[in-house]
Amino acid sequence: MLSLTGLTYRLGNRLLLDNATTQLPMAARTGLIGRNGCGKSTLFKLILGEIALESGTIAMPRQAILSHVAQEAPGGPETLLDTVLAADTERLALLKEAETATDPSRIADIQLRLADIGAEAAPARAASILSGLGFSAGDIHRPCSEFSGGWRMRVALAAVLFREPDLLLLDEPTNYLDIEGAFWLTEHLKRYPHTLVVISHDRDFLDEVTDHTLHMDRGKLTLYRGGYSSFARQRAEKAALAEKAAEKQAAERAHLQAFIDRFKAKASKAKQAQSRVKRLEKLGPVATFAREEAAEIHLPDPEKPLQPPILSMEGASAGYGERTVLAGLTLRIAEDDRIGLLGQNGNGKSTLVKLIAGRLEAKSGEVIRARGMNIAYFAQHQLDELDSDATPALLVRRKLPQAGEAVIRSAAARLGFGAEKADTPISSLSGGEKARLLLGLAAFEGPHLLILDEPTNHLDIPMRDALVEALAGYKGAVIIVSHDRSLLDAACDRLWVVAEGRVKPFEDDLDAYAKLVLEARRDSGKRESEAARSAKEDRRASAEKRQNQKPLREKAKVLEQQVEKLAALLARADEALANPAIFRDQPAKATQLARDRASLAEKLAAAEEEWLMVMAELESIG
């Protein structure tokens with residue numbers, strides 16, 4: 001159990017924690033939520049002992065192990081596997097001692113403890129976690145220094161997951177991941193055996209992973225049972241009850257005050273009036289719920305619509321220098337498309353959007369953009385490129401150098417930076433505010449195509465909802481790269497998978513894609529952890545499966561040919577019946593043709609139904 005009692009903490013003039021108290025049950029998986037800037041990451045630092053409390057106590061069971069993902073990613077010469085294994089310091093110490101121990105009793109104790117903690121299976125478990133987070137079997141034996149910062153952060157995450165501490169703190173863990181890694185992490189954390197506290201603004205992730213929700217609001221901590229959706233429902237119910245109680249109390253106050261005002265001067269009513277004064281004084285305040293600050297994102301529509309497709313590719317390829325990353329690209333983008341890009345980091349999603357945006361030339365093939373097309377490109381790394389000394393108003397002025405001050409201020413306000421924020425230095429804005437500003441500046445001129453690369457990393461839940469709402473009303477085309485499943489579900493109606501140097505449409509939904517990804521990573525993990533499984537058994541199982549499927553596949557092929565033949569005959573009959581002259585000149589033939597057409601339709605439906613049954617049977621076999 002994690003017990004937080006009477007916590008008070010100030011950051012400058014802001015009171016982040018105001019005598020806050022809560023207790024987390026043992027082995028609870030808790031989502032820590034609240035608006036950006038309310039102090040969630042600060043609370044983690046207090047629990048970790050990185051900063052000191054003003055007052056209050058933080059208590060957890062003695063000998064409990066506490067871990068979090070370090071801010072500095074590992075980058076030394078150690079392999080990924082060794083880095084993850086090193087997180088279990090007890091196992092490492094015992095193995096080292098076992099090399100030099102000479103006392104038989106101590107050797108026996110060491111070996112017994114190593115068996116208890118599953119030391120022998122540890123490398124396979126570490127490899128399985130790394131595989132789940134997107135590393136290949138070859139990657140895990142490479143040095144950390146060979147990987148980029150984002151991939152090294154995955155190694156740091158793998159290390160704390162491998163250690164399985166008694167209390168695990170995770171701050172926006174999916175920000176390091178692509179959507180494939182987020183799918184795997186979700187499944188892994190659903191089975192986490194100890195206490196977990198995770199900060200996240202991804203409502204689908206919270207609903208899947210957490211069984212408690214800790215809401216941080218106005219310096220207080222309130223614990224709710226259930227995931228985010230359950231919290232939102234409970235809080236809405238409490239808010240409604242509080243509003244009714246406040247309305248009832250306000251009516252009672254008005255009634256008492258009216259009596260006092262009317263009769264306080266009359267001697268015959270003085271006693272009753274005084275009694276009501278005392279009652280009025282005893283009416284305490286009703287607990288109210290602060291309304292969430294309205295979040296809004298403005299995306300201007302393109303001024304002049306373009307004829308579709310606004311962009312097309314024919315046999316295009318793209319890459320860097322001599323290296324080709326993507327090839328054989330034959331794609332179309334319509335003027336109102338909503339496309340979500342899927343695929344593991346490193347497969348070429350960024351290369352594709354740079355090619356689409358015109359920031360990268362095609363190595364071969366054609367990329368045709370509609371004349372006058374305006375493309376806006378938002379990427380998270382651009383946040384670090386903002387002029388820290390500038391202000392929102394100044395950046396807007398650079399967009400409108402000839403405009404007057406009133407126009408500048410009005411435009412900044414539309415981006416969400418009114419009078420109180422327009423002159424704030426960029427360095428003083430929160431991550432969410434910077435993201436909103438950058439998005440507004442990117443889309444400032446009403447683009448025909450808006451490309452969003454991980455747009456939600458710094459946005460809280462209300463701002464994510466505002467982005468979804470803005471995209472729903474936006475009349476241009478949109479391409480989104482994101483690990484936020486709720487954003488992709490809400491904003492995209494087409495999915496493209498970038499993998500193995502190709503880009504292919506994915507005709508199913510995200511649930512089906514998640515299932516494919518998890519099955520693939522589960523299989524990869526099994527290959528790492530079940531080395532004893534023989535290739536001969538695999539071949540025998542595959543042969544048996546093919547043998548069972550063979551007659552069904554042959555039947556399906558015959559039925560497919562029947563369906564094609566019947567469909568062709570039906571089309572020919574429809575074509576003949578579409579001619580009005582046949583009914584006038586050859587009524588008997590027309591009647592017979594109509595009967596034949598009905599018979600063909602009946603036979604076609606029966607053949608299709610039988611084909612569907614055969615295919616279902618094939619699927620059940622696997």
Side-chain angles (χ1 to χ4, degrees), residues 307-309 312-315 328-342 472 477 485 488-497 499-500 502-520 523 540-622:
Q307 290 298 315
S312 63
M313 296 185 192
E314 294 292 341
L329 304 179
T330 299
L331 306 169
R332 301 286 186 278
I333 300 177
E335 76 282 2
D336 58 352
D337 264 340
R338 297 291 191 271
I339 300 169
L341 293 188
L342 309 176
R485 181 170 175 169
L488 293 173
D489 268 330
C492 297
D493 51 26
R494 297 178 66 191
L495 299 174
W496 288 354
V497 178
E500 298 177 350
R502 296 288 188 270
V503 179
K504 297 180 181 178
F506 185 74
E507 302 299 344
D508 217 323
D509 59 13
L510 277 175
D511 287 336
Y513 185 68
K515 185 177 179 181
L516 286 176
V517 169
L518 291 173
E519 285 176 353
D523 290 344
R540 185 186 301 122
S542 297
E544 289 175 356
K545 185 183 291 185
R546 287 194 301 271
Q547 192 65 29
N548 291 334
Q549 291 176 339
K550 186 176 179 180
L552 289 171
R553 290 193 182 282
E554 290 175 352
K555 187 175 182 180
K557 187 175 181 180
V558 170
L559 287 168
E560 284 174 2
Q561 292 171 348
Q562 287 181 9
V563 167
E564 288 177 5
K565 183 177 179 181
L566 289 168
L569 291 172
L570 189 64
R572 197 178 305 163
D574 286 338
E575 185 179 355
L577 289 169
N579 184 3
I582 194 173
F583 293 94
R584 183 184 67 246
D585 302 335
Q586 298 175 290
K589 183 177 179 180
T591 303
Q592 184 58 45
L593 195 58
R595 290 197 192 98
D596 292 344
R597 195 255 178 225
S599 176
L600 284 169
E602 198 173 318
K603 290 177 180 178
L604 177 60
E608 287 177 337
E609 181 66 26
E610 189 175 0
W611 179 81
L612 287 171
M613 291 174 64
V614 171
M615 295 305 294
E617 192 172 350
L618 272 170
E619 287 182 10
S620 68
I621 294 175

Check: Which residues satisfy the side-chain hydrogen bond (donor to acceptor under 3.5 Å, both in side chains) test with R502, sequence neighbours excluded?
Finding: none
Margin query: Return the CG to CG distance between L510 and L488, rounded to the nearest 0.5 Å.
Written below: 5.5 Å
Next item on the list: Check R332 against W496 and note the closest heavy-atom contact, atom names and distance.
Entry: O-CZ2, 3.7 Å
Note to self: Between R494 (side chain only) and G340 (backbone N and O only), is there a donor and an acceptor less than 3.5 Å apart?
What the structure shows: no
Show the atom names and distances, to 0.1 Å, of all donor-acceptor pairs under 3.5 Å that link a side chain in residues 585-600 to residues at least two apart or in another chain.
from: T591; atom 1: OG1; to: P587; atom 2: O; distance (Å): 3.0
from: Q592; atom 1: OE1; to: R595; atom 2: NH1; distance (Å): 3.4
from: Q592; atom 1: NE2; to: D596; atom 2: OD1; distance (Å): 3.0
from: R597; atom 1: NE; to: D574; atom 2: OD1; distance (Å): 2.7
from: R597; atom 1: NH2; to: D574; atom 2: OD1; distance (Å): 3.4
from: R597; atom 1: NH2; to: D574; atom 2: OD2; distance (Å): 3.4

Check: Is there a side-chain contact (heavy atoms from CB on, under 4.5 Å) between Q562 and K603 once you walk through the steps?
Finding: CA-CA 9 Å; Q562 287 181 9; K603 290 177 180 178; over 6 Å; no
Notebook entry, point to check: Could you walk me through whether L516 and F506 pass the side-chain contact (heavy atoms from CB on, under 4.5 Å) check?
Noted result: CA-CA 11 Å; L516 286 176; F506 185 74; 3.6 Å; yes
Notebook entry, point to check: Between the main-chain N or O of G315 and the side-chain N or O of T330, is there a donor-acceptor pair closer than 3.5 Å?
Noted result: yes
Notebook entry, point to check: What is the minimum heavy-atom distance between A491 and R338, and which atoms define it?
Noted result: O-CB, 3.1 Å
Checklist line | Listed partners of V563 passing side-chain contact (heavy atoms from CB on, under 4.5 Å), at least two apart | finding: L604, A607, E608
Check: Which residue, D509, D508, L342, forms the side-chain contact (heavy atoms from CB on, under 4.5 Å) with L495?
Finding: L342
